[in-house]
Amino acid sequence: MVRDAGKRLLGDNNYPAAIYRLTVDGADIAQLISPRLISLNLTDNRGMDADTLDISLSDHDGLLSIPPTGAVLHVWLGWADTGLVDKGTYTVDETEHSGAPDVLNIRARSADLRKGLKTKREGSWSNESLGVILWAIAKRNGLVPQIAPAMNAILVHHLDQANESDANLLTRLGEEHDAVATIKAGRLLFMPRSGGKASSGAALEHITLTRADGDGHRYLQANRDSYDGVRAYYYDINSAKKQEAIAGGGDNLKDLRNSYSDRESALRAARAEWQRIQRGTATLSYNLGKARPELIPELTYTLVGVKPEIDAIIWHGGNVQHSLTADAGYTMSLELESQLPEAEDLGETPTKYSGILAYYRDDKTGSQKAVTAGEQTTPKRLTHLYASKASAQRAVDREWGKMQEAPQ
């Protein structure tokens, strides 16, 4: 009666209750631990880093049993008015009991990073497609490969796996091809790091967040390492002379450690690293006072009403952290970085620009469209993917004005 009377008084301000479900080796224990829950933190990582689940429980009466390592936890999170969202399975690998007051801490990692992926192996491939290599890695680890069509047919002239685990090899291939390599729900996913697309190439949902959705943010704009570009070295087949391939351009170039067997591979690796550096020039941490359990890494975002510089560009989602506590309820934090326009070619950056080129996301179709100024033979392409035609036009006009004022 008291609860119903309170709901009537709250009326439209009635706030939905956070709900969760947790099973241990298939047995549902949510109701048993609910009065003891201090915090539940789940981090959904991008890439080969294992997703983590941390649970803290009160053991004030000493009745809790410490779960064995290797136990499998399955967790769902959500809201009473919208239902639960499956957040995956995790294997317990660490438990800790402390006091007083007595608290049981349980840490688990995603069950998908199986032992075989960490076993060091020897092998090599020559003149094989990237898809063939990834299928071989998936097969020997009992995984279902899901490779983006754009990545599947890329020719790899030569690749060595020397005393290297499959997990490390996948990470290296992801870095060299500017791709996301990850293991989720028994699947090996490999897709461009452009964000907003599934491994099949289908578009993922684009998310719009307003100032009212967030209860905290941290925006950082920085000239990362002050690099003007990236240089990779390679050797021609018929020559012992070291050659170089450059993405970007200028006096301060970052040199990659590895040498490559051909120009195409070297230039692809240089461009991948250059794009990683450019994405890091603008980052945003955004906290949601009311969590959205459906949000995952690799989604793209538009921010509205936060700050003109933040609202002007499209954001690419990285790690997602869910937090459920007795005091703060169900909240979450998003790690975002600036979204780059999709790469068009593997050409090196010209030394002199003839105009300006910027891309924006068309809100109706979700496709990329261009805004230009000047002659487009060798245009300077602006770093960010803009959130609207108007913001792209402002950026183009600003850069075109600077180019016109610069001494010829």
Side-chain angles (χ1 to χ4, degrees), residues 45-47 175 178 180 193-196 206-230 247-254 270-288 295 297-321 332-343 349 353 356-361 363 368 370-371 373 379-403 405-406:
N45 289 310
R46 183 171 65 182
E175 291 174 350
D178 197 34
V180 175
R193 197 181 286 269
S194 54
H206 180 76
I207 307 297
T208 299
L209 298 175
T210 68
R211 184 71 183 238
D213 294 319
D215 65 352
H217 72 275
R218 183 173 180 269
Y219 169 67
L220 177 63
Q221 189 172 22
N223 190 8
R224 293 291 184 195
D225 304 316
S226 299
Y227 287 122
D228 301 316
V230 176
D251 298 327
N252 187 22
L253 299 177
K254 178 179 180 179
R271 168 160 286 190
E273 179 62 15
W274 180 228
Q275 289 179 327
R276 186 195 66 78
I277 291 173
Q278 291 182 93
R279 277 193 295 266
T281 59
T283 59
L284 177 65
S285 297
Y286 205 69
N287 301 324
L288 300 184
L295 299 185
E298 299 307 320
L299 298 179
T300 56
Y301 296 81
T302 297
L303 278 294
V304 177
V306 181
K307 197 72 176 173
E309 294 82 357
I310 297 173
D311 297 352
I313 63 178
I314 299 296
W315 294 92
H316 179 196
N319 296 350
V320 178
Q321 183 168 354
M332 76 187 315
S333 63
L334 306 171
E335 295 299 324
L336 310 175
E337 60 187 13
S338 60
Q339 172 81 338
L340 304 184
E342 293 182 6
T349 303
Y353 297 111
I356 304 295
L357 170 64
Y359 289 97
Y360 68 94
R361 179 184 182 276
D363 194 43
Q368 216 174 251
V371 174
K380 178 181 179 180
R381 191 176 73 171
L382 301 188
T383 301
H384 305 302
L385 177 63
Y386 290 89
S388 66
K389 183 177 181 179
S391 59
Q393 187 67 61
R394 284 192 295 271
V396 165
D397 292 343
R398 182 171 58 249
E399 290 300 316
W400 180 240
K402 292 179 183 178
M403 185 178 292
E405 295 172 0

*Asks:* Determine, step by step, whether Thr300 and Ile207 satisfy the side-chain contact (heavy atoms from CB on, under 4.5 Å) criterion, reporting the C-alpha distance in whole Å, the side-chain angles of both residues, the deciding distance to 0.1 Å, and the verdict.
*Replies:* CA-CA 6 Å; Thr300 56; Ile207 307 297; over 6 Å; no
*Asks:* Which heavy atom of Ala358 sits nearest to which heavy atom of Val396, and what is that distance?
*Replies:* CB-CG2, 3.4 Å
*Asks:* Are the side chains of Trp400 and Asp397 in touch, meaning some heavy atoms are under 4.5 Å apart?
*Replies:*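 Sidechains of Asp397 and Trp400: no contact.
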*Asks:* Return the set of residues passing salt bridge (Lys or Arg N to Asp or Glu O under 4.0 Å) with Glu273 (not counting sequence neighbours), or none when no residue passes.
*Replies:*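 Per chain and number, Glu273 pairs via salt bridge (Lys or Arg N to Asp or Glu O under 4.0 Å) with Lys254, Arg276.
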*Asks:* Take Tyr219 and Leu303, measure what side-chain contact (heavy atoms from CB on, under 4.5 Å) needs, and give me the verdict at the end.
*Replies:* CA-CA 12 Å; Tyr219 169 67; Leu303 278 294; over 6 Å; no
*Asks:* After noting the C-alpha distance and the side-chain angles of Lys402 and Glu405, does the key distance pass the salt bridge (charged side-chain N to carboxylate O under 4.0 Å, His left out) rule?
*Replies:* CA-CA 5 Å; Lys402 292 179 183 178; Glu405 295 172 0; over 6 Å; no
*Asks:* Once you round to the nearest 0.5 Å, how far does OH of Tyr286 lie from CG of Leu209?
*Replies:* 6.0 Å
*Asks:* So which of Gln321, His217, Glu335, Arg218 actually passes side-chain hydrogen bond (donor to acceptor under 3.5 Å, both in side chains) with Ser285?
*Replies:*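 So the option named by the test is Glu335.
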*Asks:* What are the two closest non-hydrogen atoms of Val230 and Ala270, and how far apart are they?
*Replies:*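 Closest approach of Val230 to Ala270, heavy atoms only: CB-O, 3.6 Å.
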*Asks:* With respect to Gln339, which candidate in Arg361, His384, His316 satisfies the side-chain contact (heavy atoms from CB on, under 4.5 Å) definition?
*Replies:*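 One option only clears the test, and that one is His316.
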*Asks:* Ignoring hydrogens, what is the shortest heavy-atom contact between Thr383 and Pro341? Give both atom names and the distance.
*Replies:* O-CD, 3.0 Å
*Asks:* Measuring from atom OH of Tyr301 to atom CG of Leu336, what distance do you get when rounded to the nearest 0.5 angstrom?
*Replies:*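 Reported value, rounded in 0.5 Å steps: 6.5 Å.
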*Asks:* Whether the side chain of Asn319 engages the backbone of Arg46 through a donor-acceptor N/O pair (distance < 3.5 Å, no angle test) should be reported.
*Replies:* yes
*Asks:* Measure the CD-NZ distance between Glu399 and Lys380 for me, rounded to the nearest 0.5 Å.
*Replies:* 4.5 Å
*Asks:* Ala392 and Tyr360: which non-hydrogen atoms are nearest, and at how many Å?
*Replies:*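 Shortest heavy-atom contact: CB-CB, 3.9 Å.
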*Asks:* Looking at Thr283 and Gly280, would you say the former's side chain and the latter's main chain have a donor-acceptor pair under 3.5 Å?
*Replies:* no
*Asks:* Got Tyr386 and Gln393 here, is their nearest side-chain heavy-atom distance under 4.5 Å?
*Replies:*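 In short, these two side chains do not touch, never coming nearer than 4.5 Å.
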*Asks:* How long is the gap from OH on Tyr227 to CG on Asn252, to the nearest 0.5 Å?
*Replies:*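 One gets 6.5 Å once the value is rounded to the nearest 0.5 Å.
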*Asks:* Below 3.5 Å, can you tabulate the donor-acceptor pairs from side chains in residues 306-313 to any protein atom, sequence neighbours excluded?
*Replies:*
from	atom 1	to	atom 2	distance (Å)
Asp311	OD1	Val306	N	3.3
Asp311	OD2	Gly305	N	2.9
Asp311	OD2	Val306	N	3.4

*Asks:* Do the charged groups of Asp213 and Arg211 touch, with an N to O distance under 4.0 Å?
*Replies:*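 A salt bridge is absent here (no side-chain N lies under 4.0 Å from a carboxylate O).
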*Asks:* Could you check if a side-chain atom of Asp363 sits within less than 4.5 angstrom of a side-chain atom of Thr302, using non-hydrogen atoms only?
*Replies:* no
*Asks:* So, using side-chain contact (heavy atoms from CB on, under 4.5 Å) as the criterion, who are the partners of Asp178 when residues are at least two apart?
*Replies:* Arg193, Ala272, Gln275, Arg279
*Asks:* Sub-3.5 Å donor-acceptor pair from the side chain of Gln368 to the main-chain atoms of Glu342, do we have one?
*Replies:*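 Yes, because the side chain of Gln368 sits within donor-acceptor range (under 3.5 Å) of the backbone of Glu342.
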*Asks:* Which value, rounded to the nearest 0.5 Å, describes the distance between Leu382 atom CG and Leu340 atom CG?
*Replies:*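 The CG atom of Leu382 sits 11.5 Å away from the CG atom of Leu340.
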*Asks:* Would Leu334 and Leu299 count as a side-chain contact (heavy atoms from CB on, under 4.5 Å) here? Give the steps.
*Replies:* CA-CA 11 Å; Leu334 306 171; Leu299 298 179; over 6 Å; no
